Undergrad: 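Just passing along the structure, written as structure tokens.
What you see is a predicted model; the values in this text were computed from it and never measured. One-based numbering, in listed order, for ligands and for the atoms of each.
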Amino acid sequence: MFLPLYLLLSLLFLLIYDIILNFYKKRALFKFFLEHNGPRYYPYIGTNAFKDSNAFQTFIILKKRYGLPYSMWIKNQCYYVTDNPKEIKIILSHPQCFNKADFYNDSVKTLLFNGFAITELSEIDKWKLYRRFAAKSMRPVMLKLFTTTFNEFACYLSINFKEKNHYTNFDDLVGTVNQISFGSFMVNFLGIEQSRLKEYEDFPTCMQEGLSLSSKRTIVDMLMPQCYFKYFTPRGREFYKMIDRMRKEIYRVIQGKRKLLKENIGVGDSSNNLNFLDSYLQEEGNKFTDEEIFQQVYFLAAAGTETSATSISFFILKVGMHPDIQEKMYKEIIDTIGDTETISIDDLPKLKYTEQVLLEILRLYPILPVLGRQATDNIELDEKTLPKDCNVVITPYLVHRNEKYWPDPEKFDPDRFSPERSKNIEPGSYIPFLLGPRDCTGRYYAMTMMKIIVSNIIKNYRIVTKYQSIEDLGLYFFISLRTSSKVDIELISRQK
Ligand code: HEM
């Protein structure tokens with residue numbers, strides 16, 4: 001009788017002790033939290049706002065309720081949510097804000113191992129090395145070479161649209177475009193010949209399914225230890241099965257390449273234009289294991305294919321609602337390339353309006369709508385001090401709709417990026433690729449590919465949809481930003 005009561009009281013005592021200790025240790029964070037609006041704090045849980053797994057929707061609802069900035073707790077971590085460009089600029093450029101926010105530890109590490117998505121300052125040397133390889137494989141001279149692949153894949157997409165020109169499901173459209181960005185990735189980064197892409201089609205399929213499984217993780221899953229997800233949940237087991245299948249595919253590519261190198265075939269490109277995989281394999285000094293290379297390939301594929309494919313799909317849907325903008329683009333494209341099917345690297349700067357349209361699409365629909373960093377020291381912001389250990393949530397989706405910097409923010413207005421008006425864009429208020437030392441390495445690759453592909457689409461098709469607004473269709477967060485599946489898009493060939 002006394003023993004259980006004794007145990008219960010001891011437990012209660014330990015719990016209260018732990019809660020008080022936590023308040024004491026994190027007093028600077030609690031003080032900061034209390035200085036801002038935001039949802040209530042509950043020990044261990046943090047806020048109870050995350051009733052479902054849709055983080056994107058939750059941040060928007062909280063903004064409507066509390067305004068911006070607000071602060072909140074997720075589990076035992078304090079988060080500051082801001083849309084102030086001045087603060088964002090400081091945070092993203094600050095050396096003590098290198099670390100990704102705590103929520104990445106669960107989602108990103110599960111999704112991408114610790115590959116390139118390194119979340120700790122202590123691993124900065126590894127990150128620098130990986131980033132150097134990625135940047136090298138996308139430098140301007142390489143982009144020039146890649147334009148041939150982009151043009152060829154743009155033609156395949158055009159052929160695909162001839163076969164299927166009506167989409168009622170947004171995911172189907174993203175799937176079609178993703179085949180193109182995946183194909184380009186395999187050719188440009190791994191050096192796979194186009195005629196052999198079919199042999200590796202398990203890789204994109206598994207990646208899609210793996211990302212989908214992982215994105216379905218709920219906040220309840222996240223409270224569980226990683227090994228529990230991996231071994232004891234059906235979704236976790238399925239996810240790791242997918243990773244193993246992808247590993248097998250990429251190991252096959254790596255080992256094939258290693259064999260050729262051993263036989264001295266394809267060694268030492270005299271122009272030094274090595275693709276991503278060859279740079280790793282031929283690096284002197286560092287010897288990388290197959291697993292290390294696989295993780296880099298996997299990360300780059302995850303970062304660089306779905307993102308561009310989804311942005312192009314948003315472009316198709318949005319310009320379908322604006323025939324006037326399509327016609328203006330069509331005129332510019334015809335004036336630039338005439339009857340030819342190929343867009344050269346020299347044509348790209350001439351496609352100014354097309355670029356403005358793409359930039360406006362990325363403003364309204366930034367594919368990664370929720371991102372975060374963690375302060376490893378006190379950081380002086382514009383008018384306040386961000387305390388050490390505080391996480392910052394940056395939602396490009398909300399930053400791009402800050403009325404102070406983007407008048408009439410919901411309006412689709414590509415002229416915001418005209419040479420005259422773009423001079424007035426406040427630094428830190430436009431961040432689809434983020435900014436600072438950890439910005440997107442692939443932004444020029446993505447912009448080059450997207451410009452060639454959308455120009456090819458507009459040159460060959462008129463896009464028609466009966467819907468008037470993407471927001472009415474509903475947006476949600478599925479790895480990247482998505483619109484509800486229900487759409488109605490028709491691509492009508494311009495050739496009579
Ligand atoms: C429309 C297309 C794209 C968008 C909107 C986009 C956006 C972003 C954003 C917002 C980040 C920062 C993520 C974070 O800090 O959590 C990022 C990182 C990154 N992206 Fe992209 N991205 C795109 C395409 C690409 C492409 C095509 C590649 C390469 C093939 C790429 C490679 C990377 C890499 C390597 C990083 C990690 C950088 C680092 O941690 O230092 N991205 N991207």
Undergrad: Side chains of Y445 and N188: is there a donor and an acceptor less than 3.5 Å apart?
TA: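 The answer is yes; a qualifying pair exists.
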Undergrad: So if I count the atoms of ligand 1 from 1 in the order they appear, which ones are less than 4.0 Å from some heavy atom of L300?
TA: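 The atoms of ligand 1 under 4.0 Å from a heavy atom of L300 are 35 (C).
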Undergrad: I'd like to check which ligand 1 atoms, numbered from 1 as shown, lie under 4.0 Å from a non-hydrogen atom of R131.
TA: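 Selected atoms, number and element: 38 (C), 39 (C), 41 (O).
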Undergrad: So that I know where these two stand, are F276 and F133 an aromatic pair - ring centroids less than 6.0 Å apart?
TA: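 No.
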Undergrad: Who gets closest to atom 27 (C) of ligand 1 by heavy atom: G304, A301, S181?
TA: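 Looking at heavy atoms only, G304 sits closest to atom 27 (C) of ligand 1.
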Undergrad: Which bit of W127 gets closer than 4.0 Å to ligand 1, counting heavy atoms only: side chain, backbone, both or neither?
TA: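 It is the side chain that touches ligand 1; the backbone stays farther off.
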Undergrad: Would you please say whether a donor-acceptor pair under 3.5 Å links the side chains of Q295 and Y130?
TA: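 On atom types as modelled, these side chains do not qualify, holding no pair under 3.5 Å.
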Undergrad: Do S181 and N178 have side-chain N/O donor and acceptor atoms under 3.5 Å apart?
TA: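 Side chains of S181 and N178: pair found under 3.5 Å.
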Undergrad: Which atoms of ligand 1 are found less than 4.0 Å from any heavy atom of L368?
TA: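 With L368 as reference, the close atoms of ligand 1 come out as 7 (C), 8 (C), 9 (C), 10 (C).
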Undergrad: Work out whether the distance between some heavy atom of M138 and some atom of ligand 1 is less than 4.0 Å.
TA: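 The answer is yes: ligand 1 sits under 4.0 Å from a heavy atom of M138.
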Undergrad: Using the side-chain contact (heavy atoms from CB on, under 4.5 Å) criterion, which residues pair with E332? Sequence neighbours excluded.
TA: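 E332: side-chain contact (heavy atoms from CB on, under 4.5 Å) contacts with T336, L351, K352, Y353, T354.
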Undergrad: Testing the 3.5 Å rule here: is there a donor-acceptor pair between the side chains of K384 and Y80?
TA: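 Distance-only check passes for K384 and Y80.
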Undergrad: Under 4.0 Å from any heavy atom of P432, which atoms of ligand 1 are there?
TA: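 This gives 5 (C), 7 (C), 10 (C) as the contact atoms.
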Undergrad: Does the plane of the ring in F32 sit parallel, tilted or perpendicular to the ring in H36? Use 30° and 60° as the thresholds.
TA: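 Judged by the thresholds at 30° and 60°, the geometry between F32 and H36 is tilted.
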Undergrad: Is there a polar contact between ligand 1 and K100, counting only N or O atoms under 3.5 Å apart?
TA: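 It does: an N or O of K100 is found under 3.5 Å from an N or O of ligand 1.
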Undergrad: May I ask you to identify, for S311, whether its side chain, its backbone, both or neither come under 4.0 Å of ligand 1 on a heavy-atom basis?
TA: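 Just the side chain.
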Undergrad: Using a plain distance cutoff, I'd like to know if R373 has any nitrogen or oxygen under 3.5 Å from a nitrogen or oxygen of ligand 1.
TA: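 Between R373 and ligand 1 (N or O atoms, distance only) the closest approach is under 3.5 Å.
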Undergrad: I want to confirm something. Looking only at heavy atoms, which of C440, A101, P396 is nearest to atom 8 (C) of ligand 1?
TA: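 The nearest heavy atom belongs to C440.
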Undergrad: Tell me every residue that passes side-chain contact (heavy atoms from CB on, under 4.5 Å) with T176, counting only those two or more places apart in sequence or in another chain.
TA: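 T176 satisfies side-chain contact (heavy atoms from CB on, under 4.5 Å) with L157, N160, F161, Y167 only.
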Undergrad: Ignoring hydrogens and geometry beyond distance, is a side-chain donor-acceptor pair present between Y251 and E291 at under 3.5 Å?
TA: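 Yes, side-chain donor-acceptor contact under 3.5 Å.
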Undergrad: Can you check whether D439 has an N/O within less than 3.5 Å of an N/O in ligand 1?
TA: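 By distance alone, the answer is no.
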Undergrad: Just let me know how M449 lines up against ligand 1, side chain, backbone, both or neither, with a heavy-atom cut-off below 4.0 Å.
TA: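 Contact part for M449 vs ligand 1: neither.
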Undergrad: Under 3.5 Å, is there a donor-acceptor pair linking the side chains of Q374 and D102?
TA: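 The criterion, which ignores hydrogens and geometry beyond distance, is not satisfied for D102 and Q374.
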Undergrad: Which atoms from ligand 1 have a heavy atom of L371 less than 4.0 Å away?
TA: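 With L371 as reference, the close atoms of ligand 1 come out as 10 (C), 13 (C), 14 (C), 16 (O).
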Undergrad: Does some non-hydrogen atom of F189 fall short of 4.0 Å from ligand 1?
TA: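 Yes, F189 has a heavy atom closer than 4.0 Å to ligand 1.
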